[in-house]
Q: 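Mind looking over this structure? Questions follow.
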Amino acid sequence: MPVNSRTDSDGATEGETLPINELFYSLQGEGKLAGVPSVFVRTSGCNLRCWFCDSYHTSWEPTHAQMTLDEIVEEIQVHEKADHVVLTGGEPLIHTESATLLERLNELGYHTTVETNGTIQPGAPIDLASISPKLSSSTPTPERDPKGEGEWEDRHEESRIDMDALSGLVDRYESQLKFVVTGPDDLVEIEQILDRVRQATETNITDSDVLLMPEGTTRDELDERRNAVAELAMEHGYRYTPRLHVDLWNDAPGT
Ligand code: SF4
């Protein structure tokens, strides 16, 4: 259910609420669970501003409707075939109510994946933390800033890696580390971050827990990078992850 055309005042006001940009049923497009039918709950709002953000209307131009947790759970349950729920954004963990939603979904027996940029540690049950640390190539320099204002460059750069939060997520949850790759130069920084995370955690992070994902939100953009990133994965021993929702549906809303 796309809900991004509704305004705050359309939502119910009783009980805890979350700003929801989209809620829909699709296939998980990325990572270890690619291909698994899942309900996606996309919250609005993010503490970072990647220039290539593939959910622009949750970060640069956030739009949403406030939904109560009851409404969200009811909407999830409409999709009777789904036993996987993906809480995504934006950055869903900036909202304290996300923890309550995850607790409720856990009690109902859903498998939950949280897609996070790794800068916030939640206190909630999560079955798979899909952590996407942001590289310096994500920073919205003035020439890459989609708004052309350059106001987020420093804030994004200062906030994009929080090693305490990152290592805490890895130690607490089953996780995957998913890096958006814009080119071969990114691999140096990926390996530096991995070294730091491995030193900071007690968890054994295997190379198959590390996913390389080509940057691109259209089939044409992926066509330009897909094979190069697949070859980088083979060269370095990491896992390549597709973006099935782009390959199948060209990243149309609700997919
Ligand atoms: S962290 Fe994710 S949601 Fe936030 S700006 Fe970057 S890509 Fe977009």
Q: Answer yes or no: is there a donor N or O on one side and an acceptor on the other, between the side chain of Arg172 and the main chain of Pro122, under 3.5 Å?
A: yes
Q: Quick one: pull up CZ in Arg226 and CZ in Arg219 and give me the separation to the nearest 0.5 Å.
A: 9.5 Å
Q: Could you tell me how the ring of Phe24 sits relative to the ring of Phe40: parallel (under 30°), tilted (30 to 60°) or perpendicular (over 60°)?
A: parallel
Q: Going from CD on Glu74 to CE on Met67, what distance comes out if it is rounded to the nearest 0.5 angstrom?
A: 8.5 Å
Q: Could you pull out the closest heavy-atom pair between Ser44 and His95, with the gap in Å?
A: O-NE2, 2.8 Å
Q: Answer yes if the side chains of Asp171 and Thr203 hold a donor-acceptor pair under 3.5 Å, and no otherwise.
A: yes
Q: Can you tell me how far CG of Leu87 sits from CG of Leu105, rounded to the nearest 0.5 angstrom?
A: 8.0 Å
Q: Do His245 and Glu30 have side chains that approach each other closer than 4.5 Å (heavy atoms only, starting at C-beta)?
A: yes
Q: Which pair of heavy atoms, one from Gly90 and one from Ser55, lies closest together, and at what distance?
A: N-OG, 3.5 Å
Q: If I compare all heavy atoms of Tyr238 with all of Val210, which pair ends up nearest, and what's the gap?
A: CB-O, 3.5 Å
Q: Between Ile20 and Thr43, does a side-chain contact (heavy atoms from CB on, under 4.5 Å) hold up when you go through it step by step?
A: CA-CA 4 Å; Ile20 301 297; Thr43 61; 4.1 Å; yes
Q: Just one of Arg239, Gln176, Lys32 clears the side-chain hydrogen bond (donor to acceptor under 3.5 Å, both in side chains) bar with Asp209, so which one?
A: Lys32
Q: Can a donor-acceptor pair be found, under 3.5 Å and without considering hydrogens, that links the side chain of Arg225 to the backbone of Val181?
A: no
Q: Any side-chain heavy-atom pair from His156 and Pro140 closer than 4.5 angstrom?
A: yes
Q: Regarding Thr116 and Glu91, is there a side-chain donor-to-acceptor distance under 3.5 Å anywhere?
A: yes
Q: Of Leu177, Leu194, Ile190, which meets side chain to side chain contact (heavy atoms under 4.5 Å, CB included) against Pro133?
A: Leu177
Q: Counting only N and O atoms by type, is there a donor-acceptor contact under 3.5 Å from the side chain of Thr241 to the main-chain atoms of Gly31?
A: yes
Q: In terms of hydrophobic clusters joined by side-chain contacts under 4.5 Å, are Ile94 and Ile161 together?
A: yes
Q: May I ask you to decide if Thr63's main-chain N or O and His57's side chain share a donor-acceptor pair within less than 3.5 Å?
A: no
Q: From Gln121 CD over to Asp162 CG, what is the distance, rounded to the nearest 0.5 angstrom?
A: 8.0 Å
Q: Between the main-chain N or O of Val85 and the side-chain N or O of Thr113, is there a donor-acceptor pair closer than 3.5 Å?
A: no
Q: If we ignore angles and hydrogens, is there a donor and acceptor under 3.5 Å between the side chains of Ser136 and Glu189?
A: yes
Q: What's the separation between atom OG1 in Thr119 and atom CG in Leu93, rounded to the nearest 0.5 Å?
A: 8.0 Å
Q: Under the criterion side-chain contact (heavy atoms from CB on, under 4.5 Å), I'd like the reasoning laid out for Tyr25 against Glu75: C-alpha separation, chi angles, the key distance, then a yes or no.
A: CA-CA 10 Å; Tyr25 179 51; Glu75 189 71 27; over 6 Å; no
Q: Ignoring hydrogens and angles, tell me if any N or O in the side chain of Trp152 forms a donor-acceptor pair with the backbone of Cys50 under 3.5 Å.
A: no
Q: Please check if atom CZ in Arg104 has more than 12 non-hydrogen atoms from other residues, nucleotides or ligands closer than 6.0 Å.
A: yes
Q: Are any non-hydrogen side-chain atoms of Glu103 and Pro125 less than 4.5 angstrom apart?
A: yes
Q: For Glu149, is the CD atom crowded, meaning more than 12 foreign heavy atoms sit under 6.0 Å from it?
A: yes
Q: Does a donor on one side chain and an acceptor on the other come within less than 3.5 Å for Ser159 and Asn47?
A: no
Q: Examine distances only and state if a side-chain atom of Arg144 and a backbone atom of Ser137 form a donor-acceptor pair shorter than 3.5 Å.
A: yes
Q: Please check if the number of heavy atoms outside Glu143 that lie under 6.0 Å from its CD is greater than 12.
A: yes
Q: For Ser59 and Cys46, which heavy atoms make the closest approach, and how far apart are they?
A: CB-CB, 4.1 Å
Q: Whether the side chain of Ser132 engages the backbone of Lys178 through a donor-acceptor N/O pair (distance < 3.5 Å, no angle test) should be reported.
A: yes
Q: Can you hop from Val114 to Val73 via hydrophobic side chains spaced under 4.5 Å?
A: yes
Q: Are Met213 and Ile131 connected in the hydrophobic side-chain network, where two residues link if heavy atoms are under 4.5 Å apart?
A: no
Q: So does Arg155 have more than 12 non-hydrogen atoms from other groups sitting under 6.0 Å from CZ?
A: no
Q: For residues Val36 and His111, determine if any side-chain heavy atom of one lies less than 4.5 Å from a side-chain heavy atom of the other.
A: no
Q: With distance as the sole test, does Glu153 use its side chain to make a donor-acceptor pair with the main-chain N or O of Gly150 at under 3.5 Å?
A: no
Q: Applying side-chain contact (heavy atoms from CB on, under 4.5 Å) to Val180 and Lys134, what does each step give before you reach the verdict?
A: CA-CA 8 Å; Val180 178; Lys134 296 308 177 207; 4.3 Å; yes
Q: Determine whether Tyr110 and Ile76 make a side-chain contact, defined as any pair of heavy atoms from C-beta on separated by less than 4.5 Å.
A: yes
Q: Compare all side-chain heavy atoms of Lys147 with those of Glu61 and state whether any distance is below 4.5 angstrom.
A: yes
Q: Is there side-chain contact between Leu248 and Thr255, with heavy atoms separated by less than 4.5 Å?
A: no
Q: Measure the spacing between CD1 of Ile126 and OH of Tyr173 and express it to the nearest 0.5 Å.
A: 4.0 Å
Q: Would you kindly confirm whether Leu211 and Ile193 end up in one hydrophobic cluster when ILVMFWY residues are joined by side chain heavy atoms under 4.5 Å apart?
A: no
Q: Does the side-chain contact (heavy atoms from CB on, under 4.5 Å) test come out yes or no for Phe52 and Thr217, once each step is laid out?
A: CA-CA 8 Å; Phe52 52 63; Thr217 55; over 6 Å; no
Q: Check for me, please, whether Trp249 and Val246 land in the same ILVMFWY cluster - side-chain distances under 4.5 Å, paths through other members count.
A: no
Q: Which heavy atom of Gly118 sits nearest a heavy atom of Ala165, and at what distance?
A: O-CB, 3.5 Å
Q: So which heavy atom on Ser98 is nearest to which on Pro92, and how close?
A: OG-O, 2.7 Å
Q: Regarding Gln28 and Ser38, do their side chains bring together a donor and an acceptor under 3.5 Å, going by distance alone?
A: no
